[in-house]
S.K.: 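I'd like to ask some things about the structure below.
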Amino acid sequence: MSQEFVGSGDPAYEAKVLMISVAARMAGMHPQTLRQYDRLGLVQPGRAAGGGRRYSVRDVVLLREVQRLSQDDGINLAGVKRIIGLERLLEQAQQRVARLEAELDAAYRRIAELESLGGFARGDLVPTNRTSTALVVWRPRRNPDR
């Protein structure tokens with residue numbers, strides 16, 4: 001999805017404060033088009049206490065994207081809805097990957113920190129004070145019913 005507005009990480013970007021008339025004007029659409037897109041589930045505005053629709057700057061960007069996909073690329077609204085859904089899933093997956101990478105980096109830093117403290121043989125995290133020559137023999141259990 002195109003990011004036309006600067007500050008998409010800003011909470012104000014997500015704030016549902018724009019009345020339908022303002023959002024429609026910003027998106028270059030008729031308010032009835034926004035109502036139809038809401039009914040189809042393409043863009044979900046927030047609701048004011050009186051039930052009026054409230055849009056965010058992010059919603060306006062999405063409205064423009066819906067219009068571009070449907071008018072410029074000739075994609076029907078069901079296809080646009082599917083594309084938007086897949087883009088949301090991709091964004092969520094990318095955020096999850098970024099969080100997991102940060103956790104992995106922190107784990108590697110912690111491992112390096114623990115290893116630098118010493119007392120760990122061969123880079124193991126479990127200190128080994130002695131070597132063992134024990135032999136373990138494994139035998140499968142026999143079925144007692146046989």
Side-chain angles (χ1 to χ4, degrees), residues 1-129 131-132 136-143 145:
M1 212 172 302
S2 64
Q3 297 295 322
E4 299 176 21
F5 292 92
V6 178
S8 60
D10 186 1
Y13 182 77
E14 304 285 338
K16 306 264 187 183
V17 295
L18 303 171
M19 294 184 339
I20 190 168
S21 59
V22 175
R25 194 173 326 118
M26 289 173 71
M29 300 176 175
H30 191 277
Q32 191 60 37
T33 305
L34 275 65
R35 290 182 189 95
Q36 181 66 24
Y37 287 175
D38 181 15
R39 281 191 289 276
L40 295 173
L42 291 168
V43 179
Q44 287 104 16
R47 295 288 178 167
R53 292 172 173 87
R54 294 292 184 262
Y55 293 85
S56 66
V57 174
R58 179 186 186 101
D59 293 331
V60 173
V61 171
L62 182 57
L63 287 165
R64 288 181 178 179
E65 182 71 2
V66 169
Q67 186 175 44
R68 185 190 67 75
L69 288 168
S70 64
Q71 291 180 359
D72 297 349
D73 296 342
I75 300 170
N76 66 27
L77 293 179
V80 171
K81 185 175 182 178
R82 182 71 176 143
I83 289 169
I84 291 169
L86 291 171
E87 285 179 342
R88 283 186 186 135
L89 287 174
L90 176 61
E91 184 179 333
Q92 291 169 355
Q94 289 171 332
Q95 290 171 356
R96 183 163 189 242
V97 166
R99 279 194 312 273
L100 291 172
E101 286 176 338
E103 288 177 22
L104 184 61
D105 288 343
Y108 280 135
R109 283 192 303 276
R110 181 66 177 145
I111 289 170
E113 178 185 315
L114 290 171
E115 288 178 340
S116 70
L117 294 175
F120 297 101
R122 302 177 316 276
D124 292 336
L125 291 180
V126 178
T128 55
N129 297 333
T131 58
S132 172
V136 178
V137 178
W138 177 79
R139 291 188 187 145
R141 293 185 182 181
R142 293 186 180 177
N143 189 346
D145 295 337

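Quick caveat: nothing in here was measured; it's all calculated off a predicted structure.
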S.K.: Using the side chain to side chain donor-acceptor pair (under 3.5 Å) criterion, which residues pair with Arg47? Sequence neighbours excluded.
M.R.: Asp38
S.K.: Please round to the nearest 0.5 Å and tell me the distance separating atom CD1 of Ile83 and atom CD1 of Ile75.
M.R.: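 So the gap between those two atoms works out to 3.5 Å.
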S.K.: Could you please spell out the steps behind the side chain to side chain contact (heavy atoms under 4.5 Å, CB included) verdict for Val43 and Leu34?
M.R.: CA-CA 8 Å; Val43 179; Leu34 275 65; over 6 Å; no
S.K.: Residues two or more places apart in sequence or in another chain: which of them pass salt bridge (Lys or Arg N to Asp or Glu O under 4.0 Å) with Lys81?
M.R.: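 Partners of Lys81 under the salt bridge (Lys or Arg N to Asp or Glu O under 4.0 Å) test: none.
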S.K.: Taking all non-hydrogen atoms of both residues, which atom of Leu77 and which atom of Ser70 are closest, and how far apart?
M.R.: CD2-CB, 4.3 Å
S.K.: Is it the case that the side chain of Arg64 and the backbone of Met26 share a donor-acceptor pair, with hydrogens and angles ignored and the cut-off at 3.5 Å?
M.R.: yes
S.K.: If we check side chain to side chain donor-acceptor pair (under 3.5 Å) with Asp59, which of these qualifies: Lys16, Arg54, Arg53?
M.R.: Lys16
S.K.: Can you tell me which residue pairs pass the side-chain hydrogen bond (donor to acceptor under 3.5 Å, both in side chains) test with a partner in residues 98-109, sequence neighbours excluded?
M.R.: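 Listed by first then second residue: nothing to list.
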S.K.: Are the charged groups of Glu113 and Arg110 less than 4.0 angstrom apart, N to O?
M.R.: yes
S.K.: For Met19, does the CE atom sit with more than 12 other heavy atoms under 6.0 Å from it, leaving out its own atoms?
M.R.: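 It does not: Met19 CE has 12 such atoms or fewer within range.
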S.K.: Within the 4.5 Å heavy-atom criterion, are Leu90 and Leu86 side-chain neighbours or not?
M.R.: no
S.K.: Go through it in stages, so that I can follow the logic: the residues are Arg68 and Glu65, the test is salt bridge (charged side-chain N to carboxylate O under 4.0 Å, His left out), and I'd like the CA-CA distance, side-chain angles, deciding distance and then a yes or no.
M.R.: CA-CA 5 Å; Arg68 185 190 67 75; Glu65 182 71 2; 2.8 Å; yes
S.K.: Can you list everything that forms a side chain to side chain donor-acceptor pair (under 3.5 Å) with Asn76? Sequence neighbours excluded, please.
M.R.: none
S.K.: For Gln36, check side chain to side chain donor-acceptor pair (under 3.5 Å) against everything at least two apart and list the hits.
M.R.: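 Scan of Gln36 (side chain to side chain donor-acceptor pair (under 3.5 Å), adjacent residues dropped) gives Arg39.
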S.K.: Could you go through the side chain to side chain contact (heavy atoms under 4.5 Å, CB included) check for Leu62 and Tyr37 one step at a time?
M.R.: CA-CA 11 Å; Leu62 182 57; Tyr37 287 175; over 6 Å; no
S.K.: Just grab all the side-chain hydrogen bond (donor to acceptor under 3.5 Å, both in side chains) pairs involving residues 22-34, residues at least two apart or on different chains.
M.R.: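 Every side-chain hydrogen bond (donor to acceptor under 3.5 Å, both in side chains) pair that includes a residue of residues 22-34, provided the two are not neighbours, is Gln32-Arg35.
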S.K.: Rounded at 0.5 Å granularity, tell me how far CG in Leu63 sits from CD in Gln67.
M.R.: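 Atom-to-atom, Leu63:CG and Gln67:CD are 8.5 Å apart.
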